[in-house]
Engineer: 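Starting off with a structure, shown below.
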Amino acid sequence: MRQTMNEQIANLFDEFKDIPSTQMGHEVLRTKVLPDLLGKESDTVLYYIGRNLSRMYPCESIDEIGTFFAAMAWGNLQLLKEKKNEYYFELTGEFIEKRLSYKSPYSFRMEAGFLAQQIELIMGQEAECIFETEKKKSKVILHVVL
C-alpha cells in the first residue's frame, strides 16, 4: 500500500501499524460525538481539523494525497480533471458507499479541508474545497479552487 512518501507520513503510519482498525469507533466519534460537542460549528471545525492535519502531514504529490486518504480509510481519491485554477476529485470506495447510506448526512468537510490545504501547499496558492455527494453513484466530488 505504501508508495514513496515523506518521512512524517511514514512515521504516522508506523506509529499506528499494530492498532486493529475498528472503523466503527471512528464513525461514532465523527458522526455522533463531534457534532454533539461542536453543535452548529461542527462542519467549520471539521474543515479546519482537516487543514491542520494536512499541515502536520504534508504530501509531496497528488498521488501521495491519494495514498494518505486510503490509509486513513477516507476512501479512494482520484483526480478527475484539472483546469487552470480548479481541480475535481472523486472519492469512492466501500466506506464512502456506507457513509452515504447513513440516516444522518455524513459531512466530508474534514476531507475537503485536508485536500484544500494539501493542494495549497503543493501549488503555493491559497485554495478552498467544497464537496458534493452523489448517493446514487456512491461517490463524492471534491472541487478545489485556487
Engineer: So for atom CD, which belongs to E97, do other residues, nucleotides or ligands contribute more than 12 heavy atoms lying within a distance under 6.0 Å?
Structural biologist: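 Check fails, neighbour count at 12 or below.
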Engineer: Could you measure the distance from the CG atom of N76 to the CD atom of E94? Nearest 0.5 Å is fine.
Structural biologist: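 Answer rounded to 0.5 Å: 10.0 Å.
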Engineer: Taking it one step at a time, do L80 and I141 satisfy side chain to side chain contact (heavy atoms under 4.5 Å, CB included)?
Structural biologist: CA-CA 9 Å; L80 289 179; I141 302 298; 3.8 Å; yes
Engineer: Main chain of K32, side chain of D36: is a donor-acceptor contact present, judged purely on distance under 3.5 Å?
Structural biologist: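 The answer is no, because no donor-acceptor pair under 3.5 Å joins these two groups.
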Engineer: Search all heavy atoms of N6 against all heavy atoms of E64 and return the closest pair with its distance.
Structural biologist: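 Minimum heavy-atom separation between N6 and E64: N-OE1, 3.2 Å.
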Engineer: Going by heavy atoms in the side chains, are Y87 and I62 under 4.5 Å from each other?
Structural biologist: yes
Engineer: Please determine, by modelled atom types, if Y48 and E41 share a side-chain donor-acceptor pair under 3.5 angstrom.
Structural biologist: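 There is no such pair between these side chains.
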Engineer: Please report the shortest heavy-atom distance between S61 and I122, naming the atom on each side.
Structural biologist: C-CD1, 3.7 Å
Engineer: Search all heavy atoms of C129 against all heavy atoms of A112 and return the closest pair with its distance.
Structural biologist: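 Minimum heavy-atom separation between C129 and A112: CB-O, 3.3 Å.
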Engineer: Checking the side chain of R30 only, and the main-chain atoms of S107 only, is there a donor and an acceptor separated by less than 3.5 Å?
Structural biologist: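 Looks like yes, one N/O pair under 3.5 Å.
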Engineer: Does a side-chain heavy-atom distance below 4.5 Å link Y106 with K98?
Structural biologist: no
Engineer: May I ask you to test the F89-E111 pair for a side-chain heavy-atom distance under 4.5 Å?
Structural biologist: no
Engineer: Which value, rounded to the nearest 0.5 Å, describes the distance between Q78 atom CD and D63 atom CG?
Structural biologist: 10.5 Å
Engineer: Tell me the closest heavy-atom pair linking Q118 and C59, and the distance in Å.
Structural biologist: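 For Q118 and C59, the tightest heavy-atom pair comes out as OE1-N, 2.8 Å.
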Engineer: List the steps, then state whether side chain to side chain contact (heavy atoms under 4.5 Å, CB included) holds for E120 with R55.
Structural biologist: CA-CA 10 Å; E120 187 171 307; R55 286 188 292 274; over 6 Å; no
Engineer: Got a donor-acceptor contact below 3.5 angstrom from the Q117 side chain to the G50 backbone?
Structural biologist: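 It does not hold such a pair.
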Engineer: For the residue pair Y88 and H143, does the interplanar ring angle fall in the parallel (under 30°), tilted (30 to 60°) or perpendicular (over 60°) class?
Structural biologist: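 Ring orientation of Y88 relative to H143: parallel.
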Engineer: Look up atom CG in L146 and atom NZ in K83, then write down how far apart they are to the nearest 0.5 Å.
Structural biologist: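 Spacing of CG (L146) from NZ (K83) equals 13.0 Å.
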Engineer: Under the criterion side chain to side chain contact (heavy atoms under 4.5 Å, CB included), I'd like the reasoning laid out for S42 against R109: C-alpha separation, chi angles, the key distance, then a yes or no.
Structural biologist: CA-CA 9 Å; S42 182; R109 295 276 295 173; over 6 Å; no
Engineer: Taking all non-hydrogen atoms of both residues into account, name the closest pair between G66 and L77 and its distance.
Structural biologist: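 Result for this residue pair: CA-CB, 4.2 Å.
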Engineer: Just say parallel, tilted or perpendicular for the rings of F68 and F114, cut-offs at 30° and 60°.
Structural biologist: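 Because their plane-to-plane angle is under 30°, the rings of F68 and F114 count as parallel.
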Engineer: Which atom pair, heavy atoms only, marks the closest approach of F108 to I96?
Structural biologist: CE2-CD1, 3.7 Å
Engineer: Taking side chain as C-beta onward, heavy atoms only, is F69 less than 4.5 Å from I65?
Structural biologist: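 Counting from C-beta outward, F69 and I65 do come under 4.5 Å.
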Engineer: Should the heavy atoms of other residues, nucleotides or ligands under 6.0 Å from CD of E134 be counted, would the total exceed 12?
Structural biologist: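 Yes, enclosed.
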Engineer: Looking at K81 and E86, does any basic side-chain N land under 4.0 Å from a carboxylate oxygen?
Structural biologist: no
